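Written below as structure tokens is the structure these notes are about.
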Amino acid sequence: MSRGLIALRDVSASAIVAGFLSAVINFAGPFLIVLEATRAAGLNEAQTASWVWALSIGNGVCSIVLSLVTRIPVIVAWSTPGAALLIASLGGFSFAEAVGAFLVASAAAAVVGYTGWFGWLLSKVPAPVLQALLAGILLPFIVTAAGAFASAPLIAGAIVIAFFLGKRFFDRFAVLAALIAGLFATWATGSFREIAPSLTLGGPVFTMPTLTPAALVSIALPLFIVTMASQNAPGLALLQSQGYRPNDRLLVGTISTVSALLAPFGAHGINLGAITAAIAIGPESHPDRTRRYVAGLSGGATYLMVGSFGGALVAGFQAIPAETVSVVAAVALLGSSLTALSGAMSGDARSGVAALITLAVTMSGVVILGVGAAFWGLLTGAAAFLMLTPRRASAPRGAAGGQVPLAAKRG
């Protein structure tokens, strides 16, 4: 139950930094995909700013309110795979038709969430498979970050050294030390990029949704699938991996409802965070998981700040070079990745094989029918587990619940 207000004794620098990082890394990295989607939709500057406003405000409000109500670190993010999908699928549709598809996709997600169907379906998936799905999403970020040592060795080296020294001497502030070292090394090497603010400070722009069958099939349906399978499912699995018992009806239903309300202002979809959320939900946020909800408040406040001040802050985040972002994200995700890998291998041989298949397919990055690897990893892993599960032996004829011999019937 909620205690109503934040307890000052729960506030910690590590949790505040973790929440802040979860939002900053979203704006410095995956946000570029959102901007590309707005260009694919042919939006003007005011409409683009409204899209960013809607996503930021939705993320911020949901993160803060749900973190306070549940006392768990709820990190809400925009649908990055959904934005990637829109880059290819928005062509040929008016923005009003796209908004109508956004609205229907979010409304469908709200229905599936509130009814408990989504949580029920996930409960049928073996825990090792869900953990392997999460590991498959997180590990590529760690692996890819190794490339930063070739393109920016001083920056990458400073971040890694600061992180491990922090883990050795002041564990709770290791990620903060890595961030400070990375920003200092970026400044010292003159690596900050010059990016002028490209978004206006204007308020939200309302677009009347238009519902067309073609847009519902081409945009709404795949957007609903990738958001639920690639974001909400890993988001719930992430919370469970850290020992939380998330109320899937409350979280998925509420977030999807807010997403539907913001769709006319351009929000293509908000959902539970998975990748960057691991930074705020893991042990790097705070050793005591009952105090990590502060990271949800910090992340939400960062989103609200960006939503209020617009393009200047977005440009500031994007000025951070990719190498700095990727290596800081990688070291911050180490703890959650280790937890996910341990959970994936915690079952028997049958679930272990299914988990390994899930991990491999998810890490492959394969996209089939416009749907990303997370969905196919979850699907193939669950299918493998079912095929490897032996059927229950049928009861002998004449036994309780079995068929009665014909002779007995005649007698």
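Just so you know, these numbers come straight off a predicted model, no measurement behind them.
- Considering only heavy atoms from C-beta on, Glu284 stays 4.5 Å or farther from Ser14 through its side chain.
- Atom CG in Leu378 sits 7.5 Å away from atom OG1 in Thr362 (nearest 0.5 Å).
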Q) Please walk me through it: do Ser191 and Thr186 pass side chain to side chain donor-acceptor pair (under 3.5 Å)? A) CA-CA 5 Å; Ser191 300; Thr186 301; 5.9 Å; no
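- In this structure, Ala162 and Ala181 approach most closely via the heavy-atom pair CB-CB, 3.5 Å.
- In this structure, Leu216 and Leu221 have side chains that are not in contact, with every pair of non-hydrogen atoms separated by 4.5 Å or more.
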Q: Show the numbers, then the answer: is there a side chain to side chain contact (heavy atoms under 4.5 Å, CB included) between Val112 and Val252?
A: CA-CA 8 Å; Val112 172; Val252 177; over 6 Å; no
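- Side-chain contact between Ile57 and Leu304: present, with at least one pair of heavy atoms (C-beta onward) separated by less than 4.5 Å.
- The closest side-chain heavy-atom distance from Ile161 to Leu165 is below 4.5 Å.
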**Q.** Residues Leu238, Tyr244; criterion side chain to side chain contact (heavy atoms under 4.5 Å, CB included); working and verdict
**A.** CA-CA 9 Å; Leu238 175 63; Tyr244 296 108; over 6 Å; no
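- Across every non-hydrogen atom of Val76 and Tyr303, the tightest pair is O-CE1, 3.5 Å.
- Under a 3.5 Å cut-off, the side chain of Ser285 and the backbone N or O of Ala280 do form a donor-acceptor pair.
- Residues Arg71 and Tyr293 bring a donor and an acceptor atom of their side chains to less than 3.5 Å of each other.
- No more than 12 heavy-atom neighbours from other residues, nucleotides or ligands sit within 6.0 angstrom of CZ on Arg289.
- Heavy atoms only, all atoms of each residue included: Ala301 and Ile64 are closest at N-CD1, 3.8 Å.
- Considering every non-hydrogen atom in both Phe163 and Ala178, the closest pair reads CB-CB, 4.0 Å.
- In terms of heavy-atom proximity, Phe102 sits nearest to Gly266 at CE1-O, 3.9 Å.
- Taking CD1 from Ile72 and CG from Leu239, the interatomic distance works out to 5.0 Å, rounded to the nearest 0.5 Å.
- With hydrogens and angles disregarded, a donor-acceptor distance shorter than 3.5 Å links the side chain of Ser22 to the backbone of Gly19.
- Under the 4.5 Å side-chain criterion, counting only non-hydrogen atoms from C-beta, Val99 is not in contact with Phe265.
- For the atom pair NZ of Lys124 and CG of Leu386, the computed distance is 11.5 Å after rounding to the nearest 0.5 Å.
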Q. Is there a side chain to side chain contact (heavy atoms under 4.5 Å, CB included) between Asn59 and Ser56 once you walk through the steps?
A. CA-CA 5 Å; Asn59 290 351; Ser56 301; 5.9 Å; no
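- Under the 30°/60° scheme for interplanar angles, the aromatic rings of Trp51 and His268 are found to be tilted.
- The neighbour count for Phe184 CZ, taken as heavy atoms of other residues, nucleotides or ligands under 6.0 Å away, does not exceed 12.
- With Arg292 contributing its side chain and Ile281 its backbone, the two residues share a donor-acceptor pair below 3.5 Å.
- Taking 4.5 Å as the limit, every side-chain heavy atom of Leu272 sits out of range of all side-chain heavy atoms of Gln231.
- Residues Ser106 and Ser256 bring no donor and acceptor atom of their side chains to less than 3.5 Å of each other.
- In this structure, CD1 in Ile75 is found 12.5 Å from CG in Asn271, a value given to the nearest 0.5 Å.
- Side-chain atoms of Ser326 do not come within 3.5 Å of backbone N or O of Ala145 as any donor-acceptor pair.
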Q | CA sep, side-chain torsions, deciding dist, call: Thr210, Glu97, side chain to side chain donor-acceptor pair (under 3.5 Å) | A | CA-CA 5 Å; Thr210 299; Glu97 290 176 310; over 6 Å; no
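- Using a 4.5 Å heavy-atom cutoff, the side chains of Pro246 and Gln240 are in contact.
- With hydrogens and angles ignored, the 3.5 Å screen pairs no side-chain donor or acceptor of Thr358 with any backbone N or O of Ala132.
- In this structure, a donor-acceptor pair under 3.5 Å is present between the side chains of Ser79 and Thr227.
- Taking all atoms of both residues into account, the shortest heavy-atom contact from Pro209 to Gly100 is CB-CA, 3.8 Å.
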Q: Report the C-alpha separation of Cys62 and Val74 in whole Å, then their side-chain angles, then the decisive distance to 0.1 Å, and conclude whether the side chain to side chain contact (heavy atoms under 4.5 Å, CB included) test is met.
A: CA-CA 8 Å; Cys62 288; Val74 179; over 6 Å; no
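- Side chains of Trp53 and Leu262 form a contact here, defined as non-hydrogen atoms less than 4.5 Å apart.
- Between the Thr257 side chain and the Ala110 main chain, no donor and acceptor come within less than 3.5 Å of each other.
- A donor-acceptor pair under 3.5 Å is absent between the side-chain atoms of Ser298 and the main chain of Val294, judged by distance alone.
- To the nearest 0.5 angstrom, Ile16 atom CD1 is 12.0 Å from Leu21 atom CG.
- Interatomic distance, Leu68 CG to Leu297 CG, rounded to the nearest 0.5 Å: 5.0 Å.
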